[in-house]
2 protein chains.
Amino acid sequence: MELDAKKTAVIFKAFCDENRIRILQLLQGGEKCACMLLEEMHITQPTLSHHMKILCDSGIVTGRKEGKWMHYSISAEGVECAQEYLISLKDIKEENYNE
Amino acid sequence: MELDAKKTAVIFKAFCDENRIRILQLLQGGEKCACMLLEEMHITQPTLSHHMKILCDSGIVTGRKEGKWMHYSISAEGVECAQEYLISLKDIKEENYNE
DNA sequence: TAGATATATTGACATTTTTCTATTTGACGC
DNA sequence: GCGTCAAATAGAAAAATGTCAATATATCTA
């Protein structure tokens, strides 16, 4: 699977902000409602909503609407996609460029 | 290995910018001199230097000085560190939170 | 239908990041 | 030492991102 630079950057945007890492840590405890994340994080509701959008756009998190509640969880497929990129990174194809 | 949110974010800063992904793509061809990266990327020398600093700070790239030249390459250990984080992400410990 | 609640969106502002030009540092050869 | 070349640093401008208060939307309940 080949991804262009822009798409790859969008995936990893999930992990380059401290607050988003904390949200992911909370989601490691299993699926959570936005209101529960909001209680634990010290940010306002619109800020949480903004971060959840970035996390969902990256594919690392998926949302499930249930009535008025949004339930978020870590997407195994999303994480695997990021993993595949890292695996491919280590696969160096030495061009023998001399000098 | 437990990393705090801030340190994790620093590692993944390597991958959340389009230009840095392109630099990593170039480094997949093996170790490269800064001047060679500069030729391929359409950015100025100080901008390249800035991105290389972020890549090195993340641990994903290492630099090797040889005379006036800096040679950069992908660090397998750095990438593995990022991989470990992703592996741990998928390891969900379901807290049975009811409701 | 009206009110209440959960989340998303809008718009403004502050901070951070990216980028540039100009300059400095470090290493080489003369 | 002096000039040259590669890379880093400083400082400023522009762009992107993170944050909030206010508002809108969607859903439930009475």
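Worth knowing before you read on, the calculation uses all heavy atoms, side chains too, and leaves out hydrogens, waters and symmetry mates. Numbers restart at 1 for each chain; the letters A, B, ... are given by sequence-line order, proteins then strands.
The structure places CZ of A/Arg64 at 7.5 Å from OG of A/Ser73, a figure rounded to the nearest 0.5 Å. The OG1 atom of B/Thr62 lies 9.5 Å from the CD1 atom of B/Ile74; values are rounded to the nearest 0.5 Å. Put simply, NZ on A/Lys53 and OG on A/Ser58 are 11.0 Å apart, with the number rounded to the nearest 0.5 Å.
When heavy atoms are screened at a 4.0 angstrom cut-off, B/Leu37 is found touching no nucleic acid atom at all.
Regarding A/Glu18, its CD atom lies at a distance of 11 Å from the P atom of C/dT17, rounded to whole Å. Note: CD1 (B/Ile23) to C1' (C/dT18) measures 12 Å, nearest angstrom.
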Along nucleotides 3-9 of chain C, 5' to 3', which nucleotides get a B, which get an S, and which get a -, given that the test is a protein heavy-atom distance under 4.0 Å?
--BSBBB

Let's go through A/Leu48 and A/Ile23 carefully: what are the C-alpha distance in whole Å and the side-chain angles of both, what is the deciding distance for side-chain contact (heavy atoms from CB on, under 4.5 Å) to 0.1 Å, and is it a yes or a no?
CA-CA 9 Å; A/Leu48 177 67; A/Ile23 292 167; 3.8 Å; yes

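For B/Gln83, the side-chain contact (heavy atoms from CB on, under 4.5 Å) partners at least two apart in sequence or on another chain are A/Leu86, A/Ile87, A/Lys90, B/Val79, B/Glu80. Applying the side-chain hydrogen bond (donor to acceptor under 3.5 Å, both in side chains) criterion to A/Glu39, with sequence neighbours excluded, gives no partner residue.
There is a path of hydrophobic side-chain contacts, each under 4.5 Å, that joins B/Leu38 to B/Leu27.
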Reading 5' to 3' and counting Watson-Crick or G-U wobble pairs with both distances under 3.5 Å, write the dot-bracket notation for DNA chain D, | for bases paired outside the strand.
||||||||||||||||||||||||||||||

Report, one line per pair, each donor and acceptor closer than 3.5 Å where one atom sits in a side chain of residues 7-18 of chain B; sequence neighbours left out.
| unit_1 | atom_1 | unit_2 | atom_2 | d |
| --- | --- | --- | --- | --- |
| B/Thr8 | OG1 | B/Asp4 | O | 3.0 |
| B/Lys13 | NZ | A/Cys16 | O | 3.1 |
| B/Asp17 | OD2 | B/Asn19 | N | 2.9 |
| B/Asp17 | OD2 | B/Arg20 | N | 3.1 |
| B/Glu18 | OE2 | B/Arg22 | NH2 | 2.7 |

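Residues A/Met52 and A/Tyr72 have side chains in contact (heavy-atom distance under 4.5 Å, counting atoms from C-beta outward).
Taking a heavy-atom distance under 4.0 Å as the criterion, the stretch of DNA chain D touched by chain A extends 5' to 3' from D/dT17 to D/dC28.
Between the side chain of A/Gln45 and the backbone N or O of A/Ala34, no donor-acceptor pair lies under 3.5 Å.
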